[in-house]
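Only one structure is covered here, and it is reproduced in the block below.
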2 protein chains.
Amino acid sequence: MPNNQFKKGELYSFITGKASTAIARNLQKKFNTAGLKITIEQWSVLYHLWKEDGKSQQELCNATFRDKPSITRLVDNLERLQLVKRVPADNDRRINLIYLTRQAQKLQEETMDLAEATLNEALEGVPADRIEICKEVLQIVYDNLR
Amino acid sequence: MPNNQFKKGELYSFITGKASTAIARNLQKKFNTAGLKITIEQWSVLYHLWKEDGKSQQELCNATFRDKPSITRLVDNLERLQLVKRVPADNDRRINLIYLTRQAQKLQEETMDLAEATLNEALEGVPADRIEICKEVLQIVYDNLR
DNA sequence: TTTATTTAGTTGTTTAACTAACTATATGCC
DNA sequence: GGCATATAGTTAGTTAAACAACTAAATAAA
């Protein structure tokens, strides 16, 4: 009986991701309050484009752990908001490369600051070494299930 | 500068809840494979009714961290699936008490076993004391943001 | 070179989350 | 009692996730 650390009553919040839901809601509220009209999901796509612009939709799938239809629609909405542009790849006409617009580039600093603020609030009072352990456990969980 | 344990590159997966998403997907797949036609969200409502039957919709909101419209629709769908029944409260006609059907009662054991299996897979190779720390950190995160 | 297979992306359908606006009942105050 | 306010739940509209079925282009195999 391995890992039966999770008694019935405690299993719930782990599965439902109470903590990460709370983090996402908090950050979304910060976006709204700041008048930034983007969703957390859209932000998560921009996040990877800020790291490297011109990724394909498939690369965005891998980076964001979403399936292809989800990325199609997120890119649809981001394009409607004039935050990204689909550009067909030269060498392979199946591929769309996604490029940030000027507008989206301007969002980076402000949204990243808000994200950092959310994490600081979330982790207030938690010692660094415990955060480290928590991160490691969550990474193992992810790897175990992949 | 408190808690700047999160360098830019690591902030993403915490916010997006990679791990809990992976857990939820894994459990949903187990439900599908077992031929159980319920969603994780529906299961999370049943979960609290198994603990105590006849909760009001508002109590389910609090228990599941969802808002009222979400619960209205989840109960709609659970009612269509014949898994719960709305019963108006005697003393207050605004309130619906939600009761499990026989069918839903039968789902408890099987789904809880699958949930436990998912958690065991997820936490394989993680020492008990680290799981404990992780749980505590996530609880603090939740409390900090509430 | 023609056919089969794989890859990239889209479309349709169902379920769910969030916000805002709404109805109905209950409670508090004068 | 009558009016204001709070509470329980519903409805409508937008965004997103998961799955299946699909189109188009590229690659592999015959």
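In what follows, every chain begins at residue 1, and chains take the letters A, B, ... in the order their sequences are listed.
Heavy atoms from other residues, nucleotides or ligands lying under 6.0 Å from CD of B:Gln105 number more than 12. No more than 12 heavy atoms of other residues, nucleotides or ligands lie within 6.0 Å of CG in B:Asp90, so this atom counts as exposed by the packing criterion. The number of heavy-atom neighbours closer than 6.0 Å to NZ of A:Lys85, taken from other residues, nucleotides and ligands shown, is 12 or below. By the 6.0 Å contact criterion, CZ on B:Arg102 is open, its count of non-hydrogen atoms from other residues, nucleotides or ligands being 12 or less.
Side chains of A:Ser44 and A:Thr64: no donor on one and acceptor on the other come within 3.5 Å. B:Asn120 and B:Glu124 form no side-chain donor-acceptor contact under 3.5 Å, judged by distance and modelled atom types alone. Defined by atom type and a distance below 3.5 Å, a donor-acceptor pair is missing between the side-chain atoms of B:Asn144 and A:Glu121.
With rounding to whole Å, A:Asn96 atom CG is found 18 Å from C:dT7 atom P. The distance from atom CG of B:Asn77 to atom P of C:dT13 is 18 Å, rounded to the nearest whole Å. A straight line from CD1 of A:Ile38 to C1' of D:dA16 spans 15 Å, rounded to a whole angstrom. A:Asp67 places its CG atom 15 Å from the P atom of D:dA21, with the value rounded to the nearest Å. Between the CG atom of A:Asn32 and the P atom of C:dC18 there is a distance of 12 Å, given to the nearest Å. Taking atom CD on B:Gln42 and atom C1' on C:dT14, their separation rounds to 11 Å, with Å as the unit. When rounded to the nearest whole Å, the span between CD1 of B:Ile71 and P of D:dG9 equals 10 Å. With rounding to whole Å, A:Lys68 atom NZ is found 14 Å from D:dC19 atom P.
Map A:Glu41 and B:Pro69 each onto its nearest nucleotide of DNA chain D; the residue landing nearer the 5' end is B:Pro69. With the nearest nucleotide of DNA chain C identified for both A:Val75 and B:Leu74, A:Val75 has the one nearer the 5' end.
When the side-chain nitrogen and oxygen atoms of A:Arg66 are compared with OP1 and OP2 of D:dA17, one or more of them lie within a distance under 4.0 Å. Within the structure, a side-chain polar atom (N or O) of B:Arg25 is placed less than 4.0 Å from OP1 or OP2 of D:dA18. Of the side-chain N and O atoms in A:Gln28, none sit less than 4.0 angstrom from OP1 or OP2 of C:dA17. Distances shorter than 4.0 Å separate none of the side-chain N or O atoms of A:Thr72 from OP1 or OP2 on C:dT11.
Listed by residue number, there are no residues of residues 52-65 of chain A with a heavy-atom contact under 4.0 Å to DNA chain D. Using a 4.0 Å cut-off on heavy atoms, the residues of residues 79-94 of chain B that approach DNA chain C are B:Asp92, B:Arg93, B:Arg94, listed by number.
A cation-pi contact, defined as under 6.0 Å to the ring centre and within 45° of the axis, links A:Lys18 to B:Tyr142.
Summarising the geometry of A:Val45 relative to A:Leu60, their closest heavy-atom pair is CG1-CD1, 4.0 Å, with the distance given to 0.1 Å.
Here B:Gln103 pairs with nothing under the side chain to side chain donor-acceptor pair (under 3.5 Å) rule; sequence neighbours left out.
Counting only heavy atoms from C-beta on, B:Arg73 has its side chain closest to D:dG13 among C:dT11, C:dA17, D:dG13.
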